[in-house]
Structures are given as structure tokens and as C-alpha cells.
Amino acid sequence: QILSILNVPKDIFEDSVLYVNIMFVGVPFFFGYNSLSAIMRGVGDSKTPLYLLIISTIMNIILDLLFVPVFKWGIAGAAWATVISQAFPFVAGIIFISRKSPILAIRIKSITFDKNIFKKSFRIGLPSGVQQASVALGMWALTRLVNGFGTTAAAAFTVAGRIDSFAIMPVMNFAIAASTFVGQNIGAGEIKRVKSGIKASMVVSTITSAVLSIIIVITGKYLIMMFDKNPDVVRIGYDYLLIVGSFYVVFSAMFIYNGALRGAGVTFVPMIITICSMWLIRIPISTVLSKFFGVNGIWVGLPAAWVLGAGAAYIYFKTFKWDSVRRMGKPILEDELILETEVAELEKKESHT
């Protein structure tokens, strides 16, 4: 039913249904790995999730080559290869945490429900969840628009979208790093380090995204031809990369500012910015322009939304009261000080007795 709503072309509809049905088997593994990855990054271990992901990616490639050309499983083989490779980092992550970090080890019997932790997690996590859901629904709308132009446009969108996702991955990870850095330093009461860290993240991310834009614009055609040599697919896909890839610097600024705000516990504002960018700018512009300029009109909606999102995030970031965050951190520091004082007093009493 969902694929029907997305207007998937008839000649690839049955394969699409098969692929999606198998892929959803891996959703729990995908969710579990991302949760474990966030936990490990939160305690300063960003290397282990990377290693697990590298192994998972290599496993996915090997299984693709085994299931599709050798076993002749076709679309189903590609889907099962992805599901199995998603399960590995999740299971391996649980084993790693259980053995290397007893504090973070997951023990089913000792799990208890904590209302306060649940409320905090819900307050911080719900807006981020709504934000991601909004992005996903927006991509559904864009996919429906693209599918209306036929199988060739759909293929070009898929290939160019994969290249695009790979190109913006470094920027997204800089934003995750900025979020973790901000959260850790706010907890330590180091507001000056927060600001300097955000500036450093912005500089590195801007340089990286600028270089990636140049690479994508110059080599875009050849990258698409690695996946599909159909001239029409190459032409449409390159137009996508040319329009969207030229605005990676803007995308970088938006993600870094939003990541910093999330690290400070502010998730509602990024959610509003994302929803407005998606549903008030991207979808309407793509819909209207597609009637005049075809698929290229759809591509223009993406950078237009980034410009609005980056501008709004920058304005809120500049007007954000960081001193209020510092006050939020004080009770934690005071509790630690009281605890240290009590421990010292107990040690004195024990020494006297």
C-alpha cells in the first residue's frame, strides 16, 4: 500500500515489495546498533562503532556477491545481505559492551524502569524522533514526485541519492561529534570550550563540504556511470548532483548548528526548523517547479530548504542563552561536591574509630 502511494513504476513494483518486506526484518538490528553506537560515543568511544560499521560494510559486499551472482537470489539476495550485515554490529556491540564496560553492560534481569530517566529521554528524544519522521515523510513525497517521471528518473534519483548520501556523511558525523562534544563540556561546566569546539567543527566541516562539492561537480558523471551507464540516467543523475552538491557548505552549517543545539538538550527548535524547511519550502518548491522544469525542478527544492534551515539555525544559535545551560549544569556539579564532602566526612569518622 505504501509503495502504491509512492507511485512506484509498475515494472519494478513487485521487486520493490519483496525488497522492502525483507529489509524491514532488519529494522530492530538497525535500531539496536544505532542505540549502542550512541551509548559508546557518549562515553567517548567513537572508534568501536566505526570498526563495527566497517566490518558490517565489508560483510554486506561479500554477501551481495555471494547471494546475487552465485546463488542467483536477485533482489531478495541483496536485501538479505543487508539484513545479515545489520545484525552483526548489533550483536557484536552487545558482546563488546558486556565484556569491556561492566557499567554499560546490558543485563535483562537487572533492568528497572526509572520514571525520571524516562521523562528526560522522552523530552529530549521525542522532538528528534518527530524531526526524523518528518524528513522521512518528506522524502516519501519527493520520491512520489520523481516516480511520476518514470523508471529512468527513479533510477537516476536512486543512484544520485546514494552518491549524495555518501558525500554528506562526513558532515553528518561532524555534527554528531559536535553534539557529543557540547554535551560533555556542558556537563563539565566548560562553556568556553563549547563555543571554541563549535567554531572548530564549523571550520573543519565547511572545508570538507567545499572539497566534496568540487569533487562531486567534477566527477559526478563518472560516479553515476559506475552504477548505471544509461545515458538518460547519467544525465538526470548528474543534474541532481550538480544542483544539490553545490550547496554542501550550506548543508554543513545547518547540521553543525543543529547538532550543537541538540548537544545542549535543545531538540524542539531543530525539530521545528526541519519541519518548516521540509514542508513549507522543499516540498512546495519541488512540486511547483517540477511542473515547469521537470525533475530538475524537484532537485531545486533540496538546497532551498537547506538555505532556510541553515539561516534559522544560525539565528537561534546566536541568540541562544548559554548561561542558562550553565545554570542547568550547576545542580549536577553541586551534587557531586556534596557527595565528595560526605565521603570525606565518613573517612574521617572511620579513621577516628
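Reckoned from all heavy atoms, side chains included, excluding hydrogens, waters and symmetry mates.
Listed for the K72 side chain is a donor-acceptor partner under 3.5 Å among the backbone atoms of P69. Side chain of T57 to main chain of L53: a donor-acceptor pair is present (N/O by atom type, distance under 3.5 Å, no hydrogens or angles). Judged purely by atom type and a 3.5 angstrom limit, R144 uses its side chain to pair as donor or acceptor with the backbone of I5. Here the side chain of N60 pairs no donor or acceptor atom with the backbone of S56 at under 3.5 angstrom. Put simply, the side chain of S290 never gets that close to the backbone of I298: no donor and acceptor are under 3.5 Å apart. A donor-acceptor pair is defined here as one N or O able to donate and one able to accept, closer than 3.5 Å; such a pair exists between the side chain of S213 and the backbone of S209.
Think of I61 as one node in a network of Ile, Leu, Val, Met, Phe, Trp and Tyr side chains linked at under 4.5 Å; its network also takes in L65. Under a 4.5 Å side-chain heavy-atom criterion applied to ILVMFWY residues, the cluster that includes Y19 comprises M23, I75 as well. When hydrophobic side chains of Ile, Leu, Val, Met, Phe, Trp and Tyr are connected at separations under 4.5 Å, I214 ends up clustered with I218.
Linking Ile, Leu, Val, Met, Phe, Trp and Tyr whenever their side-chain heavy atoms come within less than 4.5 Å puts L289 and W279 in one cluster. The same ILVMFWY cluster, assembled from side-chain heavy atoms under 4.5 Å apart, contains both I168 and L241. Note: the hydrophobic cluster containing I62 does not contain V70 (ILVMFWY, side chain heavy atoms under 4.5 Å, direct or indirect links). Hydrophobic clustering, with ILVMFWY side chains joined whenever heavy atoms are under 4.5 angstrom apart, groups I285 together with F157. A continuous path of hydrophobic side-chain contacts links I281 to M139 [ILVMFWY only; heavy atoms under 4.5 Å].
Contact annotation: the side chain of I275 approaches that of M271 to within less than 4.5 Å [non-hydrogen atoms, C-beta and beyond]. Counting only heavy atoms from C-beta outward, the side chains of F96 and L52 never approach each other to under 4.5 Å. Contact check for I95 versus F90: no side-chain heavy atoms found under the 4.5 Å cut-off. Within the 4.5 Å cutoff, the side chain of V159 has no heavy atoms near those of the Y240 side chain. Contact check for M40 versus K100: no side-chain heavy atoms found under the 4.5 Å cut-off. The side-chain heavy atoms of M169 and N173, taken from C-beta on, include a pair separated by under 4.5 Å. In this structure, R282 and L308 have side chains that are not in contact, with every pair of non-hydrogen atoms separated by 4.5 Å or more. Proximity of I55 to P89: side-chain heavy atoms (C-beta onward) are nowhere separated by under 4.5 Å.
The minimum heavy-atom distance linking G237 with A160 is given by the pair O-CB, 3.7 Å. In plain terms, the two heavy atoms of T151 and P9 that are nearest each other are OG1-CB, 3.5 Å.
Of the residues listed (I273, I272, T274), the one engaging Q131 in a side chain to side chain contact (heavy atoms under 4.5 Å, CB included) is T274, and it is the only one.
Atom CG of L63 sits about 5.5 Å away from atom CD1 of I84, to the nearest 0.5 Å. Atom CD1 of I216 and atom OG of S246 lie 10.0 Å apart (nearest 0.5 Å). For the atom pair CE (M225) and CG (N230), the distance works out to 11.0 Å, reported to the nearest 0.5 Å. Going from atom CG of L104 over to atom CD1 of I39 covers 6.5 Å, rounded to the nearest 0.5 Å.
Every residue meeting the salt bridge (charged side-chain N to carboxylate O under 4.0 Å, His left out) condition with D232, not counting sequence neighbours, appears here in chain and number order: R235. With sequence neighbours excluded, no residue forms a salt bridge (charged side-chain N to carboxylate O under 4.0 Å, His left out) with R193. N147 is linked by a side-chain hydrogen bond (donor to acceptor under 3.5 Å, both in side chains) to nothing, counting only residues two or more places apart in sequence or in another chain. Residues meeting the ring pair (Phe, Tyr, Trp, His ring centres under 6.0 Å) test with Y257, sequence neighbours left out: Y314, F317. Take F122 and apply the ring pair (Phe, Tyr, Trp, His ring centres under 6.0 Å) test, not counting sequence neighbours, and it matches F118. Looking at residues two or more places apart in sequence or on another chain, you find a ring pair (Phe, Tyr, Trp, His ring centres under 6.0 Å) between W306 and F251. Applying the side-chain hydrogen bond (donor to acceptor under 3.5 Å, both in side chains) test to S277 and every residue at least two apart in sequence or in another chain returns nothing. Take Y33 and apply the ring pair (Phe, Tyr, Trp, His ring centres under 6.0 Å) test, not counting sequence neighbours, and it matches no residue. With sequence neighbours excluded, no residue forms a side-chain hydrogen bond (donor to acceptor under 3.5 Å, both in side chains) with T206.
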CA sep, side-chain torsions, deciding dist, call: T158, R162, side-chain hydrogen bond (donor to acceptor under 3.5 Å, both in side chains): CA-CA 6 Å; T158 300; R162 296 296 186 193; over 6 Å; no

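Enclosure of atom CD1 in I2 is not indicated, since only 12 or fewer non-hydrogen atoms of other residues, nucleotides or ligands lie within 6.0 angstrom. More than 12 non-hydrogen atoms from other residues, nucleotides or ligands lie less than 6.0 angstrom from CZ of F13. Environment of CZ in F268: sparse, with no more than 12 heavy atoms of neighbouring residues, nucleotides or ligands closer than 6.0 Å. Residue M202 qualifies as enclosed at atom CE: its count of foreign heavy atoms under 6.0 Å is above 12. For F88, the CZ atom sits in a packed shell: over 12 heavy atoms of surrounding residues, nucleotides or ligands are nearer than 6.0 Å.
Between F71 and W73, the ring planes are tilted. Angles from 30° to 60° get that label.
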